Amino acid sequence: MSDDPVPLASLSLTHVHYDPNDPISYLCAFLALVPQGLCVMYATLIWSTREIEIALLFAGQLACEAINFALKRLIKEERPRRMNGKGYGMPSSHAQFVAYFAVSITLFLLLRHQPPSPRVRKRNHTPMSLLERAGWSAVGLGMAAAVAWSRVYLNYHTERQVLVGCAAGTVSAVGWFIITTIVRRSGWLAWALDTPIAKFFRVRDLVVEEDLCQAGWEKWDDKMTALKAKKKHK
């Protein structure tokens with residue numbers, strides 16, 4: 001039996017090179033993990049809410065990743081000379097991933113999400129105004145810009161590779177939004193939601209008109225109000 005140590009490999013999915021003496025580089029290393037965090041968020045929300053809109057958003061995200069995979073092998077442009085990371089660099093997959101997500105969220109909040117007017121205020125819920133939705137959209141776009149910039153700062157990509165990645169993500173988001181709009185208006189989505197398998201998994205389409213937390217919160221608040229009223233009558 002040989003005493004030579006077995007060479008170990010690194011799981012590149014979460015492996016990030018950064019300068020330990022540079023606080024900004026350290027922050028950028030965490031920004032590099034945003035796509036993985038978003039994937040966890042997707043899985044959690046799909047399982048907990050059963051919302052078809054979130055599942056469609058994730059399907060588009062996977063298609064966007066497939067497009068990035070194909071583009072890298074078609075263009076075959078190397079990463080910067082002082083290269084951090086493996087594989088081709090054009091376009092940046094991180095930039096494309098977050099651009100798709102941020103633009104998709106913006107399109108949803110500003111165009112597809114149609115909540116009741118803020119004037120129609122219920123006892124336990126006030127819908128987001130257009131200004132609030134625009135604010136959250138700006139936050140998402142800002143996050144995407146920070147992640148994209150971090151790829152250049154960490155020397156994983158050139159500026160051009162990041163810009164092309166952002167452009168590809170934006171085009172993917174707009175294209176997928178158009179496709180899902182057609183699917184909705186044609187009635188195919190309503191048909192799919194009425195199938196036995198969709199009903200078995202409790203798939204729904206409520207987030208277009210209400211906040212994710214609204215239905216659960218109203219049920220809980222009504223329950224607590226009823227309990228308080230019951231105690232008063234004792």
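Numbering starts at 1 and runs along the sequence shown. Owing to the predicted nature of the structure, the values given are computational and were not obtained by experimental measurement.
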query = Which distance, rounded to the nearest 0.5 Å, do you find between the CG of Leu107 and the NE2 of His113?
reply = 14.0 Å
ask   = Taking atom OG of Ser172 and atom CG of Asn68, what is their separation to the nearest 0.5 Å?
value =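 Nearest 0.5 Å value for the OG-CG distance: 9.0 Å.
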Taking the side chain as every heavy atom from C-beta outward, state whether [X] and [Y] have any pair of such atoms under 4.5 Å apart.
X: Lys72; Y: Pro91; value: yes
X: Val164; Y: Leu71; value: no
X: Tyr153; Y: Leu31; value: no
X: Ser25; Y: Leu154; value: yes

task = Please determine if Arg151 forms a cation-pi arrangement with Trp149, meaning its NZ or CZ atom is less than 6.0 Å from the six-membered ring centre and no more than 45° off the ring axis.
result =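 So Arg151 doesn't make the cation-pi contact.
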Work out which heavy atom in [X] is nearest to a heavy atom in [Y]; give both atom names and the distance.
X: Tyr100; Y: Cys64; result: CB-SG, 3.8 Å
X: Cys166; Y: Ala99; result: O-CB, 3.6 Å
X: Val183; Y: Ser186; result: O-OG, 3.0 Å
X: His17; Y: Tyr156; result: N-OH, 2.8 Å
X: Pro35; Y: Val98; result: CG-CG1, 4.5 Å
X: Leu57; Y: Ser104; result: CD1-CB, 3.3 Å

For [X], which residues count as a side-chain hydrogen bond (donor to acceptor under 3.5 Å, both in side chains) partner, sequence neighbours excluded?
X: Asp194; answer: Lys199
X: Thr181; answer: Arg112
X: Arg184; answer: Glu53, Asp205

query = CZ of Arg185: more than 12 outside heavy atoms within 6.0 angstrom?
reply =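 Atom CZ in Arg185 is not packed in, count stays at 12 or less.
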query = Counting heavy atoms not belonging to Leu227, are there more than 12 under 6.0 Å from its CG?
reply =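 Yes, enclosed.
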ask   = salt bridge (Lys or Arg N to Asp or Glu O under 4.0 Å): which pairs involve residues 30-44, sequence neighbours left out?
value =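 Passing the test, one end in residues 30-44: no pairs.
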inquiry  = Applying salt bridge (Lys or Arg N to Asp or Glu O under 4.0 Å) as the test, list every pair that has at least one member in residues 95-108; sequence neighbours left out.
reply    =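 Listed by first then second residue: nothing to list.
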Going only through I, L, V, M, F, W and Y residues with side-chain contacts under 4.5 Å, is there a path from [X] to [Y]?
X: Leu131; Y: Ile105; answer: no
X: Leu193; Y: Phe201; answer: yes
X: Trp191; Y: Ile52; answer: yes
X: Ile46; Y: Phe108; answer: yes
X: Leu189; Y: Phe200; answer: yes

Restricting to side chain to side chain contact (heavy atoms under 4.5 Å, CB included), what partner residues turn up for [X], sequence neighbours left out?
X: Glu77; value: Ile75, Met90, Thr158, Arg160, Gln161
X: Phe30; value: Tyr26
X: Thr106; value: Leu110, Ser137, Leu141
X: Ala198; value: Thr195, Val203

message = Per the ring pair (Phe, Tyr, Trp, His ring centres under 6.0 Å) rule, what does the pair list look like for residues 55-75, sequence neighbours excluded?
response = Tyr42-Phe58
Criterion side-chain contact (heavy atoms from CB on, under 4.5 Å) on Thr49 and Ile54, from CA distance to verdict = CA-CA 9 Å; Thr49 68; Ile54 300 174; 3.6 Å; yes
Where the side chain of [X] meets the backbone of [Y], is there a donor-acceptor pair that is under 3.5 Å apart?
X: His157; Y: Val152; result: no
X: Gln61; Y: Phe97; result: yes
X: His94; Y: Val147; result: no

ask   = Sequence neighbours excluded, which residues qualify as ring pair (Phe, Tyr, Trp, His ring centres under 6.0 Å) partners of Trp136?
value = none
request  = List in chain and number order the residues that pass ring pair (Phe, Tyr, Trp, His ring centres under 6.0 Å) with Phe177, two or more places apart in sequence or in another chain; answer none if no residue qualifies.
outcome  = none
